[in-house]
Amino acid sequence: MSQTEIAQTFFDKYNAQDVPAMVAMFEQEGTVEYVPFDLKGPVEEVGPGSWGVLIASFPDLSNSVRSIREGGQFAFVDVDISGTQEQEAFGVPSLGRSYKVRHFFIFEINPEGKIRHLTCFWDNAQWYRQLGKTDLDD
């Protein structure tokens, strides 16, 4: 599979809310890094700990891939992620509000077609605003 196909498959599994299948796309020593949360580590910990919380808190969580570009062993993905909050997530109490925030993912893919490292960026202040969190001290 190409880097584009691997990245698209990851987001297809994310839309299906299939966290075990998302984790299985990584090499054994694979890592995940969510820059705005300063969260990074092994996919077995960070993946379920972040994707599982998001899916539980935003049961209608979905993504819409805008574009995927390849460069060497990397796939660069521009994607909108959205959902309606039903329970607290990452320190944000639920007000029943929805969000749609553009994200940028960088997939580093090994020669065997497994994800070695996944880095993600987004505007966390925008996410907070859309969900109604206005005080960063809470």
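Position 1 is the first residue of the sequence; numbering continues from there.
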Hey, quick one: are [X] and [Y] part of the same hydrophobic cluster, counting side-chain heavy atoms closer than 4.5 Å, chains of contacts allowed?
X      : Y     : value
Met1   : Met22 : yes
Ile106 : Phe26 : no
Val32  : Phe37 : yes

Could you tell me if Asn15 and Ser62 have a donor-acceptor pair between their side chains, going purely by distance under 3.5 Å?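 The answer is no; no qualifying pair exists.
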
Check the side chains of Thr4 and Glu70 for a donor-acceptor pair under 3.5 angstrom, ignoring hydrogens and angles. yes

Determine, step by step, whether Thr31 and Lys40 satisfy the side chain to side chain contact (heavy atoms under 4.5 Å, CB included) criterion, reporting the C-alpha distance in whole Å, the side-chain angles of both residues, the deciding distance to 0.1 Å, and the verdict. CA-CA 7 Å; Thr31 54; Lys40 58 186 167 186; over 6 Å; no

How far does [atom1] of [X] sit from [atom2] of [Y], to the nearest 0.5 angstrom?
X      : Y      : atom1 : atom2 : result
Gln130 : Gln85  : CD    : CD    : 11.5 Å
Lys13  : Asn63  : NZ    : CG    : 13.0 Å
Asp60  : Gln17  : CG    : CD    : 8.0 Å
Arg97  : Glu86  : CZ    : CD    : 15.5 Å
Gln3   : Ile109 : CD    : CD1   : 5.0 Å
Ile6   : Ile115 : CD1   : CD1   : 7.0 Å

Among Glu27, Gln73, Arg116, Glu29, side-chain hydrogen bond (donor to acceptor under 3.5 Å, both in side chains) partner for Asn110: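 With Asn110 as partner, side-chain hydrogen bond (donor to acceptor under 3.5 Å, both in side chains) holds for just one option, Glu27.
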
Candidate pair His103 and Asp80, rule side chain to side chain contact (heavy atoms under 4.5 Å, CB included), full reasoning: CA-CA 6 Å; His103 290 61; Asp80 291 316; over 6 Å; no

At their closest point, which heavy atom of [X] faces which heavy atom of [Y], and how far apart are they?
X      : Y      : result
Val77  : Ala7   : CG2-CB, 3.7 Å
Leu39  : Ser50  : CD2-CB, 4.3 Å
Val46  : Gly41  : CG2-N, 3.5 Å
Pro48  : Val43  : CD-O, 3.1 Å
Val101 : Asp123 : CG1-O, 4.2 Å
Gly71  : Phe76  : N-CE1, 4.0 Å

Are Trp51 and Phe10, when compared by the centres of their aromatic rings, separated by less than 6.0 Å? yes

Going through the distances and angles, do Phe74 and Phe107 end up as a ring pair (Phe, Tyr, Trp, His ring centres under 6.0 Å)? CA-CA 5 Å; Phe74 296 95; Phe107 289 78; over 10 Å; no

Candidates Tyr99, Phe105, Phe104, Tyr34 - the one meeting ring pair (Phe, Tyr, Trp, His ring centres under 6.0 Å) with Trp122: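 Single ring pair (Phe, Tyr, Trp, His ring centres under 6.0 Å) partner of Trp122 among Tyr99, Phe105, Phe104, Tyr34: Tyr34.
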
Any donor-acceptor N/O pair, [X] side chain to [Y] backbone, under 3.5 Å:
X     : Y     : answer
Glu33 : Val35 : no
Glu45 : Pro42 : no
Ser57 : Glu88 : yes

With a 4.0 Å cut-off on N to O distance, would you call Arg102 and Asp78 a salt bridge?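 Judged by the 4.0 Å cut-off on N to carboxylate O distance, Arg102 and Asp78 do form a salt bridge.
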
Exactly one candidate in Val53, Leu131, Asn124 meets side-chain contact (heavy atoms from CB on, under 4.5 Å) with Phe90; the answer is Val53

